[in-house]
Amino acid sequence: MATAMSQLYTIEDCLLTQLDKISDIRGNLTYIEGKNRIPFDISRVYYIYDVPAGSQRAGHAHQSLFQLLIAVAGSFDVHLDDGLNKRSVTLNRPYEGLLITPMVWRIIDNFSSGAVCLALASAPYDESSYYRDYDQFKVVADKRRQSHPTNTVTN
Ligand code: TYD
């Protein structure tokens, strides 16, 4: 069975997921329950807020961690990079979550005033699971891609 460590993830696997939104005259409510809508058990929750204008967060990748990012207030941009391709996503709806798979470098910037980035994570915080050096991440990502059975890169 493929594990997060052996699976080859790309930015195409970082899907934008619609979360349930319950609206009535008192306002809106969105919930996330267990594995409903997300492909991992939630082990940790953290949130980023009071981000000064022009600041950038993240700038790292993880060996095996899955995350779901939600703009529960305001908006921000998430720049995804699997070592081969890049894609940027603007999060600005509290009922949308962006899945970020293992081995995807992410940078978060362009925070609006009052933005809150909620992050659900599949494992407890573990600094040793981070790639914080882009060049090191790229070397590992390239090796994984080249050695993967589904690799079709011929150069
Ligand atoms: P960091 O990973 O630099 O935040 P960002 O997502 O913007 O890259 O984390 C900032 C600090 O917070 C760092 O010292 C590690 C610590 N931290 C925890 O203790 N627990 C956590 O769950 C997270 C995400 C960070």
Side-chain angles (χ1 to χ4, degrees), residues 1-21 28-145 148:
M1 190 179 140
T3 65
M5 295 288 275
S6 62
Q7 182 83 27
L8 188 64
Y9 292 104
T10 74
I11 54 168
E12 302 309 321
D13 298 308
C14 296
L15 300 173
L16 202 55
T17 301
Q18 298 291 311
L19 304 168
D20 288 336
K21 180 168 97 169
N28 300 327
L29 181 152
T30 288
Y31 61 88
I32 302 166
E33 208 172 46
K35 271 190 171 175
N36 183 15
R37 304 288 168 93
I38 58 173
F40 60 86
D41 287 320
I42 300 162
S43 169
R44 175 168 52 110
V45 175
Y46 66 91
Y47 37 100
I48 297 169
Y49 53 98
D50 288 348
V51 179
S55 279
Q56 177 176 297
R57 301 289 314 209
H60 53 68
H62 297 270
Q63 286 165 16
S64 57
L65 188 78
F66 289 84
Q67 289 193 311
L68 189 85
L69 300 187
I70 304 165
V72 290
S75 66
F76 47 82
D77 296 337
V78 186
H79 307 284
L80 304 168
D81 176 350
D82 57 22
L84 188 62
N85 295 304
K86 300 181 183 191
R87 182 163 73 93
S88 295
V89 179
T90 298
L91 291 183
N92 55 11
R93 298 188 178 105
Y95 53 89
E96 271 181 4
L98 177 66
L99 177 70
I100 307 187
T101 66
M103 293 306 290
V104 170
W105 188 268
R106 85 294 306 267
I107 289 171
I108 313 174
D109 65 9
N110 198 25
F111 284 84
S112 69
S113 170
V116 180
C117 172
L118 178 69
L120 312 179
S122 63
Y125 174 73
D126 176 9
E127 184 59 36
S128 70
S129 78
Y130 278 71
Y131 293 101
R132 290 195 185 268
D133 180 278
Y134 183 80
D135 293 339
Q136 190 196 0
F137 158 76
K138 179 91 169 81
V139 167
V140 176
D142 288 349
K143 267 193 197 148
R144 283 174 68 142
R145 201 165 28 252
H148 198 270

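Numbering of ligands and ligand atoms starts at 1, following listing order. These figures come from a predicted structure and were not determined experimentally.
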Trainee: Does OH belonging to Tyr49 count more than 12 external heavy atoms closer than 6.0 Å?
Mentor: no

Trainee: Ligand 1: which residues have a non-hydrogen atom closer than 4.0 Å?
Mentor: Arg44, Tyr46, Arg57, Ala58, His60, Tyr125, Tyr130, Arg132

Trainee: Please say whether more than 12 non-hydrogen atoms of neighbouring residues, nucleotides or ligands are located less than 6.0 Å from OH in Tyr47.
Mentor: no

Trainee: Treating Asp13 as the side-chain partner and Thr10 as the backbone partner, does any N or O pair qualify as donor plus acceptor under 3.5 Å?
Mentor: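 Answer holds: yes.
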
Trainee: Quick one: salt bridge (Lys or Arg N to Asp or Glu O under 4.0 Å) pairs with a partner in residues 91-103, sequence neighbours left out?
Mentor: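 Matches after skipping sequence neighbours: Arg93-Glu96.
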
Trainee: Within the 4.5 Å heavy-atom criterion, are Asn110 and Phe76 side-chain neighbours or not?
Mentor: no

Trainee: Taking atom NE2 of His148 and atom CD of Gln7, what is their separation to the nearest 0.5 Å?
Mentor: 6.0 Å

